[in-house]
Structures are given as structure tokens and as C-alpha cells.
Protein chains: 2
Amino acid sequence: MPPATRRSPARRAPVVRKPLADRREDLVEAALRVLVRDGVAAATTRAIVAEAGASLSAFHYCFDSREELLVLAAERITDRTVDHVREGFSADGDLRTVVVGALTALWERLEADPHRELIGYELSHHARHRPELRPAVARLFRHYLDVHEQFLADGAAAAGFTWTTPVPVLARLINSTLDGLALTWLVDRDGEAAREVIGALADALLAAARPA
Amino acid sequence: MPPATRRSPARRAPVVRKPLADRREDLVEAALRVLVRDGVAAATTRAIVAEAGASLSAFHYCFDSREELLVLAAERITDRTVDHVREGFSADGDLRTVVVGALTALWERLEADPHRELIGYELSHHARHRPELRPAVARLFRHYLDVHEQFLADGAAAAGFTWTTPVPVLARLINSTLDGLALTWLVDRDGEAAREVIGALADALLAAARPA
DNA sequence: AAGTGTCTGGGTCAATTGACCCATACGACT
DNA sequence: AGTCGTATGGGTCAATTGACCCAGACACTT
């Protein structure tokens, strides 16, 4: 009589085996997709492993907890921000052209995929009760501000202007307005109104520029 | 022998009985407090009834579902917005004084109790998966814009100016910037930076005003 | 080909949550 | 004082979720 614990040796579907690092990568990417598509509340471990095509055990083999994965996902978002913001930035033309063009590009990206950019805010709400998430969220926010500051500095340098208002203040103004605008747009979907606000924001920035 | 279903007639703590309308009111207010203090995710039926000092049955006696309560809470927030925004608004002095004063008052209120003003955004995230919540959230957002439009119209009238940019656009700019600013502030708690942005926003508004 | 450590399947477990039910106690009205 | 509709207490129930465990399958190395 075979040991009672022995399973039936029935043939099973071929199993995909991956090194730990690859599986972790899959799970982080899957988490990101679920976060963007369905939000933080829906990003349960089961939803994430389903998205990744992995099993629950694979998840617990790769990570100690769900929070650990979320932290990595937040950091991944941070890493990618630079590319996203730089995309569509052109330093050709006068200051107005550069500013309006860059802000419009930023907004169009937001409008095309608002949830992607807004996970940060959902994560920040979530971090209210998950202290371990706070550092990652703080880095994410700081990163956005840094990128906007860089954009302001590059734009002014390219067009031969200087800012009469401190660049960090302008960066925070841009960041806040775009985020608030996106939040409101998600509710009322009034893209035209949003674009007009972008125009007003551009005017505000231009009023704070003068020839170097 | 007494019926098996009969409970022991042991003395109980005095019971507070309230008419349905009062109990509903208690629950809505309790829900609001929990929402502000702990966020949407923590606003479970149990947390709400505990806050209200009611029982789970009382909850189900008063409402068909948790969503129904949340909708009422969202509407309650809407009703109160007017008072909050009007508070601290003064039409005395020139346009700069009025604008800076009003924006500062708005910001101070936000900084003093950020969660109160930001429930709307948490609710809007939540509404992504709860369609029945969407109308209430839409009303809430619309209401904020209306109030800011009113504020702009009143301020201009009081100081004898007109706006060169459409008032709805300016209202959306104010609304977006304040909300985005609050979101960022919640993460980095940099109040000084926020105030400087408020100043920049005031400059932007003043640049869109001219004598009537 | 045996050995060894890594990876996976398929469960379990306790906690939480929204919803719900029924018998009973209350109290306004008659 | 009796009646009747309303409010309440204290449970139950199924579903979901994060965490976890164990035996076995696999792929290297030697």
C-alpha cells in the first residue's frame, strides 16, 4: 500500500517555472496593471496573481506581504515618471510655444490614461493606514515635483528666459493644477474645460517669465 | 414550561429608542465622521454604527445598503460646502486684498482639516466601482465649481473689476489647484510651499482682471 | 544518476464584512 | 388598559481576503 500522503501521479498541464527574480518582476507588473485598471482596493493578492498568471503560493514565495509588493509597485511608477513627462517635451520655438506645448502634452497624456497618473493619489490615501507605504509615496510625489522643476529650467534655458517666481513654486503650481484638473475631469469628463484651464495655467507661467 | 423561544427577561441597560428619521440622521453624521477620520475603506457598516452608538439592525432598518448611506453622506457634504467656502470671505478692500484674502482663507481651512475636503476625491475613486455613487459625487464636484464661480463673481463685483478670462475657467483653475495642492501637502506637509503656490495662483487671477 | 535546493499546486485558516432575520420590547393612540 | 406598528438586540450566513503550509515536481551541479 502506497503512503497515504502520496498524490495521484496524474498528468498535469505543463508548468511554467521561472526564477524568483522573473516571477517577482511579473508580479510587480501585474500589480501595476491591476492598480491602473481597477484601483488600490481591487488590487487583492488574488487579483494580482491572476493577472500575472501565477499562483497564490508563488506570490507568498516571492514576497512577504501584499504591502511589500505595493511598495515595489509605487517605486516602479516613480522610476517611469521621468520618461512619461519628458515624452512630448520639445524645446524648439519661443517660450510660449514651449510652455503651451509641454503643458498640452502633459494634459493629453493624463486625459488618455488618467488612472495611470492617479494611482499615486490612491496610494497616498491607502498610505494613511499603511505607514510602510509612506516613504514610497513620498518619493513618488517628490519625484514629480523634481521632474517639473527640471522641465521649467530646461524650457527657460532653451528659450533664453528666466523665471521671476521661484522654480519650485511654479513646479508645485503645475503639479497641483494638473492633478486637481485630472481628478475633476474623471468625474465630469469635460475635456474642453480642462484644456481652457491648461491655457490659463500657461498664461500664469508666462506672466512669471522675463528675458534673461 | 415556557415556550423555548422565550428569552430570559433579565434586566437590560436602558435602551435609547429613536424615530427612524433621527436614527438616520445619527447614522449619516456618524458616517461623515468616520469618512473624515478614517477614510472610505474604513467606513464599514460596523464602524459607522459603532460611531453612531447604534446596532447593525438599526442600520439595516434605516437603510437598504451601505451605498445608500454613502450617497446621503456625499449629499450632506455638498450641502455644507457653501457655508465652508463662504466662511472667511470678505469683500472689503481692493481686488488684490479680496482675492488673496479669500484664497488664503480657503487654504487655511484646507490645511486645518484636509481630510474633510478630500473625502470627495476618495468617494470619487470609490465611485469607479459603485455606479450608484456617481451622481452624488458629480453633484458634489459641480457644487464646488459653482461656489467658486460665485466667489469670483462676487469678488469682482465688490471691487469693481471684470474678468478677462471666463469665470468658469478661473473657477476650475482655483478648484483644481487647491485640491492638487492639498493632496500634495498631505504627503509632504510643506505648508510654506503651499502658501507660496497660493500666492502664485492669486497673481494668475489678478492678471485676468481689469477695471470694469 | 544521485543529490540538493528552488519553485509550484492545491489546498486550509481565521478575520472581516455586507446583508439579513426574528422574536420582543416599547409607546402613541384609542 | 389594550392594540398595533415601529424600533431594537443579538444573533446567522455566505463571500472575500491576506496569510500560510506541505508535499512533490523540477533543474541544476557534480
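Scope of the values below: all heavy atoms of this structure, side chains included, with no hydrogens, waters or symmetry mates. Note that the coordinates shown come from a computational prediction; the quantities given were computed from them, not determined experimentally. Labels below follow one simple rule: chain letters A, B, ... track the order of the sequence lines, proteins then strands, and each chain is numbered from 1.
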(Q) Other residues, nucleotides and ligands only: do more than 12 of their heavy atoms fall within 6.0 Å of CZ on A:R195? (A) yes

Q. Does the side chain of B:L103 reach to within under 4.5 Å of the side chain of B:L205, using non-hydrogen atoms?
A. yes

(Q) If the threshold is 4.0 Å, N to carboxylate O, is there a salt bridge linking B:R142 and B:E149? (A) yes

Q: Evaluate the side chain to side chain contact (heavy atoms under 4.5 Å, CB included) criterion for residues B:L201 and A:T177: first the C-alpha distance (whole Å), next the side-chain angles of each, then the deciding distance (0.1 Å), finally the verdict.
A: CA-CA 10 Å; B:L201 176 60; A:T177 306; over 6 Å; no

Q.
One pair to check against side-chain hydrogen bond (donor to acceptor under 3.5 Å, both in side chains): A:E117 and A:Y144. What are the steps and the verdict?
A. CA-CA 10 Å; A:E117 302 300 330; A:Y144 271 101; 2.8 Å; yes

Q) If we only count heavy atoms from C-beta on, is the A:R66 to A:R130 side-chain gap below 4.5 Å? A) yes

Q: Starting from C1' on C:dG18, measure out to NE2 on B:H129 and report it in whole angstrom.
A: 18 Å

Q) Rounded to the nearest Å, what distance is computed from the CD atom of residue A:E132 to the P atom of nucleotide D:dG18? A) 14 Å

Q | Contacting residues from residues 40-56 of chain A, given that a heavy atom lies under 4.0 angstrom of DNA chain D | A | A:T44, A:T45, A:R46, A:L56

Q: Consider the side chain of A:H60, meaning its heavy atoms from C-beta on, and name the nucleotide among C:dT6, D:dC20, D:dT8 that approaches it most closely.
A: D:dC20

Q. Is A:S57 side chain donor-acceptor paired with the C:dG11 base, going by distance under 3.5 Å alone?
A. no

Q) Atom NE2 of B:H126 and atom C1' of C:dT17: how far apart are they, to the nearest Å? A) 13 Å

Q) For B:Y61 and C:dA19, what is the distance between atoms OH and C1' respectively, to the nearest whole Å? A) 17 Å

